[in-house]
Amino acid sequence: MIASRAAAALIVFSAGLAQAQSPEALGWLRKIHDATQKLSYSGTFVYQHGGRTEASRITRDARGDIERLEVLDGVPREIVRTRDIVKCYLPESRVVKIDRRSADRSFPALLPEHIGELARHYDIELGGMQRVAGFDCQTVVLTPKDSLRYGYRLYADAKSGMLLKAVTFDAVGQQVEQFTFTQLAIGGVTREQVRSRHKAREWRVEDTEAAPAHLPGWGLSAELPGFRKVIELKRRMGESRPVAQVVYSDGLAAVSVFIEPMEGQADPVQTGTASLGAIHIFTRLVANHRVTVVGETPAASVQRIGNAVEYHRPQ
Amino acid sequence: MKERISELMDGELEDRAAGELIQALGSRREALDTWRVYHLISDAIRENQPLPQATTAPVQPRRWVALPIAASLAAVSLVGWLAFAPQQDAPQPALAQAPPQVPVATAPALVPLPSATSDYLLAHQGFSPRVSFQGMAPYVRSVSAEARGARP
């Protein structure tokens with residue numbers, strides 16, 4: 001079995017090396033990107049990871065640039081995102097978490113002109129046509145050039161470019177996570193549909209107050225190949241813990257390093273790695289700070305970044 | 001004998017059979033050597049696994065990693081115990097010597113999700129370029145973290 005896995009890995013990688021980047025595939029990535037920004041839609045999707053399946057409804061009003069996510073299974077949750085703000089409603093505990101995204105404006109999100117740069121870390125090819133939720137979809141496959149990032153198989157509506165399904169796979173081609181629309185209607189979204197169901201009056205407000213910041217003394221002894229620092233900020237987390245956050249990205253996958261002083265923290269640091277679908281979380285104690293590395297990358301990547309975090313007292 | 005040692009390592013022997021075999025390991029040099037070689041093989045296989053494979057998909061690989069570690073620990077404690085057991089063959093230096101160095105925990109420790117996972121994910125997600133491709137669907141992970149027992 002090990003031999004066959006190794007062979008599978010070899011095939012995946014050598015297939016990637018043998019083929020040049022196809023301009024059509026890059027064109028499709030741009031089409032998906034544009035559809036995500038420009039289309040209004042409403043649909044139900046399932047998130048699958050590690051044998052679990054969770055259904056959610058997502059609605060986007062492109063004119064108002066408002067998007068609403070409502071979890072359909074288990075504990076009710078709602079997240080509403082506008083251009084500047086993300087609000088997460090927790091009706092059971094009557095809490096609303098607010099993440100103001102003032103920092104985002106300067107953040108280099110994946111801009112269409114940068115899509116070509118993804119080819120440095122991924123082989124990007126067109127796959128076949130597949131039907132998803134009644135839509136004929138073009139598949140686009142991003143195969144990583146090393147084991148520090150995951151691969152993606154994207155299924156986009158051939159007409160509109162809307163992403164119907166996204167599969168994340170690891171170095172041996174095994175699926176780690178999947179998002180799939182089971183029903184989708186494009187267009188015809190009213191403003192009312194993206195408004196929160198909750199007035200949230202008299203709910204406790206947890207405001208993250210995130211703001212770009214310089215974090216003197218903190219850095220990495222070695223960078224993770226292909227991942228560069230995109231932003232440093234300070235924010236509050238939970239009820240009011242001050243936390244520093246540094247984000248690294250290869251243009252598609254991102255890794256956040258959270259740094260929190262241990263003073264006043266009840267939980268001891270449990271060094272090690274946890275996982276949730278494609279997300280890995282590595283925790284470690286550095287200079288009496290809890291360092292938590294969160295990334296949609298293989299475990300080795302968050303561990304390498306986590307182990308490279310260091311603090312030098314500023315001179 | 002070799003087959004039964006392998007069954008013992010995999011926990012497939014019943015208590016009595018296991019007890020008899022463990023006694024045999026104490027008295028027969030050849031059996032003990034086989035036991036050690038099997039564990040070295042098991043450890044070597046585990047070390048050769050690509051790292052992401054060992055820790056990515058949450059359910060199976062985790063179990064897969066956990067078992068050989070338990071087995072290696074068992075090997076260490078068993079060899080330790082045998083060193084104190086009465087020796088039947090007169091000179092048996094191998095038993096008295098320190099057990100071979102068995103790499104026990106080469107893979108980093110797997111820990112439960114931190115209690116603040118949903119907060120970390122909410123904070124992280126806003127900076128993931130993936131949102132540019134997929135809208136806010138990936139935000140559902142922060143909710144999933146809560147469902148997995150992490151604090152809301």
Side-chain angles (χ1 to χ4, degrees), chain A residues 32-33 36 45 47 50-51 54 56 58 60 67 69 71 74-75 77 79 81 86 88 90 93 97 99 101 104 107 109-110 147 163 166 170-172 174 176 179 231 235 237-238 245 247 249 251-252 254 256 258 267 270-277 279 281 283 292 294 296 298-300 303, chain B residues 41 44-65 105 107-152:
Chain A
I32 295 171
H33 180 278
T36 307
F45 74 94
Y47 170 51
E54 288 148 12
S56 301
I58 195 162
R60 177 173 160 80
E67 206 170 341
L69 174 85
V71 177
V75 187
R77 287 284 178 272
I79 306 175
R81 186 176 78 130
V86 177
C88 181
L90 289 67
S93 47
K97 296 180 181 186
D99 193 6
R101 291 150 36 90
D104 267 21
F107 172 66
L110 186 54
S147 59
L163 190 69
D170 66 13
V172 291
Q174 205 170 28
V176 288
F179 294 88
I231 198 163
R235 65 190 312 133
M237 203 173 263
Q245 181 182 6
V247 185
S249 175
L252 186 53
S256 286
F258 295 97
D267 299 348
Q270 204 177 353
T271 304
T273 310
S275 71
L276 177 89
I279 296 280
I281 302 179
T283 309
T292 309
V294 177
E296 59 253 40
Q303 286 156 4
Chain B
I41 292 171
I45 289 172
R46 179 160 52 89
E47 283 199 327
N48 285 338
Q49 280 295 301
L51 195 50
Q53 174 60 19
T55 41
T56 20
V59 189
Q60 286 173 342
R62 193 174 284 189
R63 198 175 60 212
W64 204 84
V65 167
L110 293 172
V111 296
L113 289 169
S115 58
T117 296
S118 61
D119 285 335
Y120 290 131
L121 286 176
L122 204 60
H124 170 73
Q125 218 67 73
F127 295 101
S128 172
R130 191 166 164 180
V131 171
S132 311
F133 271 134
Q134 214 178 342
M136 65 183 302
Y139 274 90
V140 78
R141 291 174 181 139
S142 67
V143 179
S144 190
E146 283 176 36
R148 286 263 302 261
R151 189 181 59 84

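Keep in mind that this is a model prediction, so the values were computed, not measured. Chain naming here is simple, since letters A, B, ... match the order of the sequence lines and numbering starts at 1 in each.
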Asks: Do the side-chain N and O atoms of A:Thr273 and A:Gln303 include a donor-acceptor pair separated by under 3.5 angstrom?
Replies: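 A:Thr273 vs A:Gln303: donor-acceptor pair found between side chains.
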Asks: Using non-hydrogen atoms and a 4.5 Å limit, figure out which bit of A:Val71 sits close to chain B: side chain, backbone, both or neither.
Replies: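 The side chain, not the backbone.
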Asks: Is it the backbone or the side chain of A:Arg60 that comes under 4.5 Å from a heavy atom of chain B, or both, or neither?
Replies: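 Contact with chain B involves no heavy atom of A:Arg60 at all.
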Asks: First locate atom CG of B:Leu122, then atom OG of B:Ser118, and finally report the distance between them rounded to the nearest 0.5 Å.
Replies: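 Going from CG on B:Leu122 over to OG on B:Ser118, the span is 7.5 Å.
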Asks: Angle between ring planes, B:Tyr120 versus A:Phe258, binned at 30° and 60°: parallel, tilted or perpendicular?
Replies: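 Plane angle between 30° and 60°, so tilted.
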Asks: Please classify the contact between A:Glu54 and chain B as side chain, backbone, both or neither, with a heavy-atom cut-off of under 4.5 Å.
Replies: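 Just its side chain gets close to chain B.
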Asks: Please check if any side-chain donor atom of B:His124 sits under 3.5 Å from a side-chain acceptor atom of A:Glu296, or the reverse.
Replies: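 Yes, because at least one side-chain N or O of B:His124 sits under 3.5 Å from a partner of the opposite role on A:Glu296.
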Asks: Holding to ring-ring contact (aromatic ring centres under 6.0 Å, His included), I want the full list of residues that pass it with B:Tyr139, two or more places apart in sequence or in another chain.
Replies: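 Not a single residue meets the ring-ring contact (aromatic ring centres under 6.0 Å, His included) criterion with B:Tyr139.
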Asks: Please look at A:Gln245 and chain B and tell me whether the side chain, the backbone, both or neither of the residue comes under 4.5 angstrom of a heavy atom of that chain.
Replies: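 It is the side chain, since no backbone atom gets that close.
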Asks: Taking side chain as everything from C-beta outward and backbone as N, CA, C, O, which of these in A:Leu69 sits under 4.5 Å from a heavy atom of chain B? Side chain, backbone, both or neither.
Replies: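 Contact with chain B is through both the backbone and side chain of A:Leu69.
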Asks: Could you tell me which portion of B:Val143 (side chain, backbone, both or neither) has an atom closer than 4.5 angstrom to a non-hydrogen atom of chain A?
Replies: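 Contact with chain A: side chain only.
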Asks: Heavy atoms only, distances under 4.5 angstrom: which of A:Ile79, A:Thr271, A:Asp99, A:Val75 has the most pairs with chain B? Name it, please.
Replies: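 Option with the top pair count is A:Ile79.
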Asks: With side chain to side chain donor-acceptor pair (under 3.5 Å) as the criterion, how do B:Gln134 and A:Thr36 come out once you've worked through the C-alpha distance, each side chain's angles and the decisive distance to 0.1 Å?
Replies: CA-CA 6 Å; B:Gln134 214 178 342; A:Thr36 307; over 6 Å; no
Asks: Quick check on A:Leu163 against chain B: is it the side chain, the backbone, both or neither that has a heavy atom closer than 4.5 Å?
Replies: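 Contact with chain B is through the side chain of A:Leu163 alone.
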